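Okay, so here's the structure we're looking at.
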Amino acid sequence: MIPHRPYQAKNIEKKWQNIWEKNNVFETSPNNNKKNYYVLEMFPYPSGKIHMGHVRVYTLGDVLARYKRAKGFNVLHPMGWDAFGMPAENAAFENKVHPAIWTKKNIDNMREQLKAMGLSYDWQLEFSTCDPLYIECQQKIFLDFYKNNLAYRKEAWANWDPIDQTVLSNEQVIDGKGWRSGAKVERRKLPQWFFKITEFADELIDSLDKLDNWSNQVKVMQKNWIGRSEGLKLKFKISDNSVLPKNTDFIEVYTTRPDTIFGASFIAIAPDHPLSKDLANNNKDLQKFIFECNQIGTSEEALEKAEKKGFNTKIQVHHPFVEGEYLPVYIANFVLMSYGTGAIFGVPAHDQRDLDFANKLNLPIKSVVESQNAEDNNISNIAYTGNGKIINSNFLNGMNIIEAKKHIIKIAEEKSIGKKSKQFRLHDWCASRQRYWGCPVPIILCNDCGIVPVPNSQLPVLLPNDVTFDKPGNPLDYHEKWNTIDCPECGRSAKRETQTFDTFVDSSWYALRYPAPKSKDPIDKKQMLQWCPPDQYVGGIEHAILHLLYSRFFNRALKKTNYVDFDEPFKGLFCQGMVCHKTYKGPNGWLEPEEIFFKDNKAFQKSDLQEVEIGRSEKMSKSKKNIVDPMSIIETYGADTARLFMLSDSPPERDLDWSISGVDGCWKYLKKIWSHLHNYSFNNNDEGLLLKAKEQDNSIRREIHLCIQATTENIESFRYNSAVASIRKLSNILLAYKSNTEEAIKEQIILEGWKSFLIMMAPITPHITAELWKLIDKDSSFLDQPWPSVDKNLLKDKKLVIAVQINGKLKNTIEIEQVEANDKELQKNKALALYNIKNAIINNTPKKIIVIPGKVINIVI
RNA sequence: GCCCUCAUGAUGGAAUUGGUAGACAUAACGGACUUAAAAUCCGUGGCCUCUUUUGGCGUGCAGGUUCAAGUCCUGCUGAGGGCACCA
């Protein structure tokens, strides 16, 4: 036997990457004979180097792109950079390097790392969001939004991140803390730029149902986030408004339970309701109360268990439907100004918070919904919120809740004291940031003309290069030369808007840019229509709300401003799980996997041999030090091994547990295939011989084609782990033929098997398969090999194995010929003739015998 | 509190419409080769009983539907995630 070359992943991977690049094989070109398919993975922030999360998501996308290509699609598979954002400014501050230079260096480095993974991108379409052309296009889009009332500037309370020194959108505040910095968010009043996302609130919820190829989890999360509720806005007339500082005649409340209006026993308004503020002007006690409420409001822990507190304003309102009945007005700490009207009517019997409040302040509790279950109706500490019949409610009596709601809304509207109303949790998107490294908002602020858009001829508004980061805050504010400009309308001296866009603006429309990234038009209609929206988008679940909701808004706004003609930005959405790793904690804190060795299932520190605590598997993070650097894996094992491991075990949507033994196993497997194929000498391709295959040989062919079927189905439905399993099963069958046989037909079948194997394995491990293909077929181009098709005639075996059960439990099996598959009687008789079945029914006459022909026989005794 | 998802060997997981549970891997163990180790190759493997055959039990728990349930229904427990004084 001639010794073959050992499997040196690094060399062959570099070799094929160079060949692909030199020949531009992944270049996107128009092809009218093929259907277009656009695969997009979420583009990365150029932090400097790739992490395992990148390896996973880009491998998933690449498998799909390469598979679709083999399936005969014309594939668009691009990559770019989400290049603006805070870390560049932090680096500028720490290392005295300009954000632009830092970012470019990082991009160059990460591009090389991604190339080392062997991803099938058309790199000619690459762009980054800090490119002047992208900035110009985005500014044009923004100005169109502004002119169409989809963006506005408003002085508003904002979430202020004291560490990042910028405002945050509601979506970026998590548990009262900044999403990036983790700092406790403060409230500040500032002029801000908003996008009118609430204009599409209904549509953003309703069309979720049409997104069949979106992950359900994301749809549910978006629905909750938008948070639609339907109810009634209702006015309560104030009985004596002479005590009020201004002429306030009524208080307007919002409710989703107008059916319970006859059970109302008080009105409560928010501490920062305008009326509360008016009353507080000359009331020291109330000022103190409001201050206390605001204190609690910021600490989330306290909020959880916070006691209900109320301040009696001594004001009374008329009950709108009961002549002569009055309700007291309280200021209450559990009522939020940011939802509804900032005022409620309290129905203690049917709302838990109202009940807690009423119990505290000794307010009356009046039941108006009667449950069928008597014990529900005795209300002391638990409010009844279920279904029932309306009672004690005058003209609503006897109705069910739905009827009563409809009826009372109708009456309130007729009396002009109320209006059917929808409320959303979603607020407009605050999209401006007090930062340097972002796309400038193209606006000029003039003392005389107000807000003036930068004229098209002056676009793009680029960032000045000569800035320093030694002072806190926004360098653009200090840059007089840049921010002073003549007003384009009146010519007098004015100021530029110094805020820049949230980076989520950049990522809200980048997918539309790839088909024509160099076009002067923000979105090249002709190119875009051929490809967009992307057929499949792949990315992390952490963007379920932020990026994916903003993109859905942006796409609708782009439709309204005539840039696109479709509603949804992504046809299909797939969210992959996180990459996790066990954590190790030594006596002096967290340890990296590299610092550990194992003995007898215990972990020890290499440095001092002390035992180390093995923690549960968690998302790879710097703070827990459970990070594995992808480049070191690619260096030692190769990209094909890393890719194979990423896909092997866990289903893509679940978390993946990184283990070095798993990686090792994948590497050994590739090595085994490598040496096996090098030791085998393949005959020339002669498919005619396959037709002459004998019955016995066809059983191998059957396995091959079953595998093709399974693998294809698994890839189509994103079950990549199962696809790997079925491919490995095929290779286990083929590996059993260790050396060449003398039979030409059999050799031809094995050739067919290995060819199918390599083509199906190619999307997963593209380099090694390309190299091995040359052993089988020197002349044809591997990348152009079509995906193998299933010969359905081969799938059916001549013999069928059928289960024989007694009372549903497997007892034995029978074997029948394929042609007998529908012969119920024959199968039944064969089953009853079995030795242990005969024994079992000797004393128990079968009550019933169920024969599912070709599948199972169940004997009921 | 509300909403969503999940629960299968030592471990990751498979079982697409209810029809032979544990595919494919990882770790483990036994054997071959080796002075030895690594690598490689061969083999074992849900649990219990038995020498073996056979048999019994088994997909978080308790019920139900069905000839037949990992899969469908009801209730519970546990884990993960989302939202949250949202009227």
Side-chain angles (χ1 to χ4, degrees), chain A residues 174-175 215-225 227-229 231-232 253-258 260 268 270 296-297 300 303-308 332-336 338-347 350-354 356-357 385 423-425 541-542 544-545 601 617 645 648-651 653-657 659-666 668-669 671-672 675 710 713-714 716-717 719 721-732 738 801-813 836 839 846-852 854-861:
Chain A
I174 293 150
D175 290 335
S215 115
N216 189 50
Q217 200 187 355
V218 171
K219 291 197 276 187
V220 170
M221 281 164 73
Q222 291 212 355
K223 203 171 172 183
N224 286 342
W225 186 264
R228 176 167 61 193
S229 72
L232 173 70
V253 307
Y254 174 71
T255 179
T256 56
R257 292 296 303 274
T260 62
I296 292 169
E300 9 122 19
L303 210 139
E304 183 85 5
K305 294 259 149 67
E307 220 179 321
K308 302 279 176 289
N333 61 346
F334 67 92
V335 181
L336 306 175
S338 57
Y339 192 81
T341 59
I344 60 156
F345 67 74
V347 185
H350 307 296
D351 183 289
Q352 192 58 44
R353 285 159 307 150
D354 295 352
D356 295 344
F357 187 77
T385 55
Q423 291 295 319
F424 297 93
R425 224 187 64 94
I541 189 83
E542 67 271 22
I545 292 167
N601 283 327
S617 195
F645 173 72
S648 281
D649 280 354
S650 299
E653 71 278 9
R654 279 200 224 168
D655 288 351
L656 175 143
D657 205 10
S659 80
I660 198 66
S661 55
V663 176
D664 219 44
C666 290
K668 283 179 195 167
Y669 173 70
K671 215 166 61 162
K672 185 155 77 176
S675 59
E713 283 172 6
N714 285 328
E716 289 281 352
S717 54
R719 292 190 306 249
N721 56 323
S722 295
V724 171
S726 51
I727 294 173
R728 286 188 79 143
K729 193 174 177 184
L730 173 62
S731 70
N732 287 344
K738 288 192 201 312
V801 178
I802 294 175
V804 182
Q805 306 173 329
I806 290 180
N807 290 342
K809 295 221 184 290
L810 180 74
K811 294 292 165 185
N812 212 330
T813 55
N836 65 332
N839 273 352
K847 290 189 192 119
K848 207 174 182 185
I849 298 173
I850 288 132
V851 183
I852 310 296
K855 276 195 169 169
V856 71
I857 296 154
N858 191 11
I859 300 158
V860 188
I861 56 174

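If you're wondering where the values come from, they're calculated on a predicted model, not measured in any experiment. In what follows, chains carry the letters A, B, and so on, assigned in the order in which the sequence lines appear, proteins first and then strands, with residues in each chain numbered from 1.
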For [X], which contact category applies under a 4.0 Å heavy-atom criterion: base, sugar-phosphate, or nothing?
{"X": "Lys672(A)", "result": "sugar-phosphate"}
{"X": "Val335(A)", "result": "base"}
{"X": "Lys668(A)", "result": "sugar-phosphate"}
{"X": "Arg728(A)", "result": "sugar-phosphate"}
{"X": "Val724(A)", "result": "nothing"}
{"X": "Gly227(A)", "result": "nothing"}

Rounded distance in Å between the [atom1] positions of [N] and [M]:
{"N": "U17(B)", "M": "G70(B)", "atom1": "C1'", "value": "15 Å"}
{"N": "A14(B)", "M": "C72(B)", "atom1": "P", "value": "15 Å"}
{"N": "C6(B)", "M": "G55(B)", "atom1": "P", "value": "36 Å"}
{"N": "G30(B)", "M": "A7(B)", "atom1": "P", "value": "34 Å"}
{"N": "U51(B)", "M": "G12(B)", "atom1": "C1'", "value": "37 Å"}
{"N": "C24(B)", "M": "G43(B)", "atom1": "P", "value": "13 Å"}
{"N": "U74(B)", "M": "G81(B)", "atom1": "P", "value": "26 Å"}
{"N": "A28(B)", "M": "U65(B)", "atom1": "P", "value": "47 Å"}

Which way is the base of G9(B) turned, syn or anti, if we draw the line at 90° from 0?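 Base orientation relative to the sugar is syn.
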Given the rule in the side chain to side chain contact (heavy atoms under 4.5 Å, CB included) test, do Val220(A) and Gln217(A) qualify, once you have shown the distances and angles that lead to the verdict? CA-CA 5 Å; Val220(A) 170; Gln217(A) 200 187 355; 5.9 Å; no
How do Val801(A) and Cys666(A) order along RNA chain B: which one's closest nucleotide is nearer the 5' end?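 Per heavy-atom nearest nucleotide, the more 5' residue is Val801(A).
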Please tell me which of Gly342(A) and Trp225(A) maps to the more 5' nucleotide of RNA chain B, matching each residue to the nucleotide holding its nearest heavy atom.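 The residue whose closest nucleotide sits nearer the 5' end is Trp225(A).
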Is any side-chain nitrogen or oxygen of [X] closer than 4.0 Å to OP1 or OP2 of [N]?
{"X": "Lys811(A)", "N": "G56(B)", "value": "yes"}
{"X": "Lys729(A)", "N": "A23(B)", "value": "no"}
{"X": "Tyr339(A)", "N": "A87(B)", "value": "yes"}
{"X": "Arg425(A)", "N": "A84(B)", "value": "yes"}

What's the [atom1]-[atom2] distance between [X] and [N], to the nearest Å?
{"X": "Ile545(A)", "N": "G82(B)", "atom1": "CD1", "atom2": "C1'", "value": "7 Å"}
{"X": "Lys219(A)", "N": "C3(B)", "atom1": "NZ", "atom2": "C1'", "value": "16 Å"}
{"X": "Asp351(A)", "N": "G1(B)", "atom1": "CG", "atom2": "C1'", "value": "12 Å"}
{"X": "Gln352(A)", "N": "A84(B)", "atom1": "CD", "atom2": "C1'", "value": "15 Å"}
{"X": "Lys223(A)", "N": "C83(B)", "atom1": "NZ", "atom2": "P", "value": "16 Å"}
{"X": "Asn224(A)", "N": "G82(B)", "atom1": "CG", "atom2": "C1'", "value": "6 Å"}
{"X": "Asp354(A)", "N": "C85(B)", "atom1": "CG", "atom2": "C1'", "value": "10 Å"}
{"X": "Asn812(A)", "N": "U20(B)", "atom1": "CG", "atom2": "P", "value": "15 Å"}

Between protein and nucleotides 47-50 of chain B, what N or O pairs are separated by less than 3.5 Å?
none

In the structure I gave you, are the side-chain heavy atoms of [X] and [Y] within less than 4.5 Å of one another anywhere?
{"X": "Ser726(A)", "Y": "Asn714(A)", "answer": "yes"}
{"X": "Thr813(A)", "Y": "Ile802(A)", "answer": "no"}
{"X": "Asp351(A)", "Y": "Thr385(A)", "answer": "no"}
{"X": "Val856(A)", "Y": "Gln805(A)", "answer": "yes"}
{"X": "Ile806(A)", "Y": "Lys811(A)", "answer": "yes"}
{"X": "Thr341(A)", "Y": "Tyr339(A)", "answer": "no"}
{"X": "Asn807(A)", "Y": "Val860(A)", "answer": "yes"}
{"X": "Phe345(A)", "Y": "Asp354(A)", "answer": "no"}

Sequence-distant partners of Asp356(A), salt bridge (Lys or Arg N to Asp or Glu O under 4.0 Å), two or more places apart: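 Scan of Asp356(A) (salt bridge (Lys or Arg N to Asp or Glu O under 4.0 Å), adjacent residues dropped) gives none.
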Residue [X], side-chain heavy atoms: nucleotide from [options] that is nearest:
{"X": "Asn732(A)", "options": "A27(B), U20(B), C24(B)", "result": "C24(B)"}
{"X": "Leu810(A)", "options": "U20(B), C86(B), C67(B)", "result": "U20(B)"}
{"X": "Ala803(A)", "options": "U20(B), C67(B), C57(B)", "result": "U20(B)"}

Can you list the steps and then say if Ile857(A) with Ile849(A) is a side chain to side chain contact (heavy atoms under 4.5 Å, CB included)? CA-CA 7 Å; Ile857(A) 296 154; Ile849(A) 298 173; 4.1 Å; yes
With rounding to the nearest 0.5 angstrom, report the CZ to NZ distance, Arg425(A) to Lys223(A).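 These two atoms lie 14.5 Å from each other.
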Roughly how far, to the nearest 0.5 Å, is the SG atom of Cys666(A) from the CG atom of Asp664(A)?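 Here the interatomic distance stands at 9.0 Å.
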Under-3.5 Å N/O pairs linking protein and nucleotides 32-34 of chain B:
none

Would you write out the dot-bracket form of RNA chain B, 5' to 3', with Watson-Crick and G-U pairs under 3.5 Å, [ ] for crossing pairs, | for pairs to other strands and . for unpaired bases? (((((((..(((......[....))).(((((.......))))).(((......)))..(((((..]....))))))))))))....
Base C85(B) paired with Lys308(A) side chain (donor-acceptor, <3.5 Å):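 Such a pair is found, so the answer is yes.
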Please report the shortest heavy-atom distance between Met221(A) and Ala544(A), naming the atom on each side.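 Minimum heavy-atom contact is CE-CB, 3.5 Å.
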Do Arg728(A) and Tyr669(A) form a cation-pi contact, if we require the NZ or CZ to be under 6.0 Å from the six-membered ring centre and within 45 degrees of the ring's axis?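 Yes - Arg728(A) lies over the ring of Tyr669(A), closer than 6.0 Å to its centre and within 45° of its axis.
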Decide side chain to side chain donor-acceptor pair (under 3.5 Å) for Asp649(A) and Asn721(A); before the verdict, give the C-alpha distance in whole Å, the side-chain angles of both, and the deciding distance to 0.1 Å. CA-CA 5 Å; Asp649(A) 280 354; Asn721(A) 56 323; over 6 Å; no
Treating primed atoms plus P, OP1 and OP2 as sugar-phosphate and everything else as base, which nucleotides of nucleotides 4-19 of chain B get B, S or - for protein heavy atoms under 4.0 Å? S-------BSSSB--B
Using ring-ring contact (aromatic ring centres under 6.0 Å, His included) as the criterion, list what pairs up with Phe334(A), not counting sequence neighbours.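 Listed in chain order: Phe357(A).
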